[in-house]
Amino acid sequence: MMTHIRTLVDSTSGLKFTESPRWYNGKLWFIDIHDNRIKTVDLTGSVATVLELPFIPNGFGLIPEGTVVVGDAFQRQIHRRAGAALQQVADISDLTQFCLSDGIVDAKGRLYVGDIGYNFLDPAAKPVETCVIVLVAPDGRASVVADKLFFPNGMVITPDGRRLIVGETLGHRLTAFDIQEDGSLSNRQVWAQLPSSVDPDGICLDAQGAVWCANPEGEDSLVRVREGGEITDRIKIDTHAYAVMLGDPERRHLFICASGSHDPAEIQRNPSASFRVVEVDVPGAGIP
């Protein structure tokens with residue numbers, strides 16, 4: 001796929017390592033994992049800090065009215081923004097084993113969050129295929145709703161709120177579940193088995209029901225996939241893509257979280273994070 005890719009903003013604006021982009025209220029909201037902050041960037045490339053965090057974040061989303069929900073990756077606790085402060089909502093350390101991966105907040109304010117499957121600060125850590133997705137209700141009640149996953153990462157929810165799709169990064173697949181009224185997940189199925197060259201990281205959904213996948217280590221930086229596994233579009237950028245989001249007022253801008261490395265030590269020495277932008281024909285849909 002030949003297309004025009006532009007850089008919206010880069011590390012000269014203080015970006016360290018961006019993840020979990022969400023389009024809300026005219027801006028792209030995201031976590032800057034190694035800067036321990038939640039930030040926004042607008043369509044002019046202006047970056048602002050929303051909240052400084054006392055921990056390394058992951059599992060980030062926005063309740064429909066805009067309240068921030070974010071996880072402490074290593075303590076495996078979920079927090080909600082209350083004014084200028086953080087309020088702990090749940091401790092899910094007894095339901096998870098390693099550290100939190102990506103998350104998503106549904107239309108009812110419930111958070112789905114995965115367990116990454118290894119300690120990403122430890123280069124010798126071996127990933128496992130026994131990871132879970134935990135559901136955290138607004139009142140803090142938490143339960144495991146899916147297990148035996150291989151690095152559950154980016155998630156999307158279809159516009160009707162009835163289906164959740166998760167990227168299993170090290171399983172090279174997208175896996176779907178039906179969402180029950182109580183938020184539990186059922187009817188697990190492989191939505192798309194991908195080539196071994198595709199390790200889906202952050203994902204987003206478009207109005208035709210296809211999923212854009214960031215593919216950090218692959219020759220194709222991003223792929224657009226239909227249910228069943230057909231790859232319809234491929235985009236290559238000159239660095240690594242870690243997450244994607246369809247935003248702007250018409251949701252036709254594909255925002256790409258990019259970085260030359262995901263190694264924490266290298267990021268602190270020489271950050272190379274940027275947001276790249278591609279205009280696409282099919283707009284975004286669903287959550288986030």
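Note that these values count all heavy atoms, side chains included, but never hydrogens, waters or copies made by symmetry.
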Donor-acceptor contacts under 3.5 Å from residues 83-92 side chains, at least two apart:
{"from": "Gln87", "atom 1": "OE1", "to": "Arg80", "atom 2": "NH2", "distance (Å)": "3.4"}
{"from": "Asp91", "atom 1": "OD1", "to": "Ser93", "atom 2": "N", "distance (Å)": "2.9"}
{"from": "Asp91", "atom 1": "OD1", "to": "Ser93", "atom 2": "OG", "distance (Å)": "2.6"}

I'd like a table of donor-acceptor pairs (distance under 3.5 Å, sequence neighbours excluded) in which one partner is a side-chain atom from residues 64-72, with atom names and distances.
{"from": "Asp72", "atom 1": "OD1", "to": "Phe74", "atom 2": "N", "distance (Å)": "3.3"}
{"from": "Asp72", "atom 1": "OD1", "to": "Gln75", "atom 2": "N", "distance (Å)": "3.1"}

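A salt bridge links Arg141 to Asp139: one of the charged nitrogens lies within less than 4.0 Å of a carboxylate oxygen.
Pro288 is listed as a side-chain neighbour of Met245, based on a closest heavy-atom distance under 4.5 Å. The closest side-chain heavy-atom distance from Leu53 to Ile38 is below 4.5 Å. The shortest distance between side-chain heavy atoms of Pro200 and Val211 does not fall below 4.5 Å. Side-chain contact check for Thr158 versus Leu205: some heavy-atom pair is nearer than 4.5 Å. With contacts defined as side-chain heavy-atom distances shorter than 4.5 Å, the pair Val41/Phe255 does not qualify. Residues Ser221 and Ile235 form no side-chain contact, since every pair of their non-hydrogen atoms from C-beta on lies 4.5 Å or further apart. At a threshold of 4.5 Å between non-hydrogen side-chain atoms, the residues Ser20 and Asn58 count as touching. Residues Leu100 and Arg76 have side chains in contact (heavy-atom distance under 4.5 Å, counting atoms from C-beta outward).
Looking only at distances, a side-chain donor or acceptor of Asn215 sits under 3.5 Å from a matching main-chain atom of Ser197. A donor-acceptor distance shorter than 3.5 angstrom exists from the side chain of Asp115 to the backbone of Gly117, with no hydrogens or angles considered. Between the Ser259 side chain and the Phe17 main chain, no donor and acceptor come within less than 3.5 Å of each other.
Note that OG of Ser11 and CG of Asn270 are 7.5 Å apart. Values are rounded to the nearest 0.5 Å. Remark: Arg276 CZ to Leu254 CG distance equals 13.0 Å, nearest 0.5 Å. One distance of note links CG of Asp35 with CD1 of Ile56; it measures 11.5 Å at 0.5 Å rounding. Between the OG1 atom in Thr169 and the CG atom in Asn153 there is a gap of 3.5 Å [rounded to 0.5 Å]. To the nearest 0.5 Å, atoms CD1 (Ile179) and CG (Leu164) are separated by 5.0 Å. Rounding to the nearest 0.5 Å places CE of Met155 at 4.0 Å from CD1 of Ile133.
Cluster annotation: Ile104 is connected to Val145 through the hydrophobic network of ILVMFWY side chains, with a link wherever side-chain heavy atoms come within less than 4.5 Å. Both Val113 and Val144 are part of a single hydrophobic cluster, where members link through side-chain heavy atoms under 4.5 Å apart. Residues Leu43 and Ile256 do not share a hydrophobic cluster, defined by chaining ILVMFWY side chains whose heavy atoms lie under 4.5 Å apart. Grouping the Ile, Leu, Val, Met, Phe, Trp and Tyr side chains by contacts below 4.5 angstrom, directly or via other members, places Val156 with Val225. Under the 4.5 Å side-chain contact rule for hydrophobic residues, Leu246 and Phe275 do not share a cluster.
Within 6.0 Å of the CG atom in Asp281, the count of heavy atoms belonging to other residues, nucleotides or ligands does not exceed 12. Residue-environment remark: NZ (Lys27) stays at or below the threshold of 12 foreign heavy atoms within 6.0 Å.
No side-chain donor from either of Asp178 and Ser186 sits under 3.5 Å from a side-chain acceptor of the other.
For residues 152-172, the salt bridge (charged side-chain N to carboxylate O under 4.0 Å, His left out) pairs, not counting sequence neighbours, are Arg163-Glu227, Glu168-Arg173, Glu168-Arg188.
A pairwise comparison of heavy atoms in Gly167 and Ile203 identifies N-CD1, 4.1 Å as the closest pair.
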- Message: Determine whether Glu279 and Arg6 satisfy the following criterion, salt bridge (Lys or Arg N to Asp or Glu O under 4.0 Å), listing intermediate values before the conclusion.
- Response: CA-CA 10 Å; Glu279 292 190 26; Arg6 65 183 177 92; 5.5 Å; no
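Ring-plane geometry between Tyr24 and Trp29 is classed as perpendicular, the angle between the planes exceeding 60 degrees on a 0 to 90 degree scale with a lower cut at 30. A perpendicular orientation is assigned to the rings of His240 and Tyr242, their planes being inclined by more than 60° (bins at 30° and 60°).
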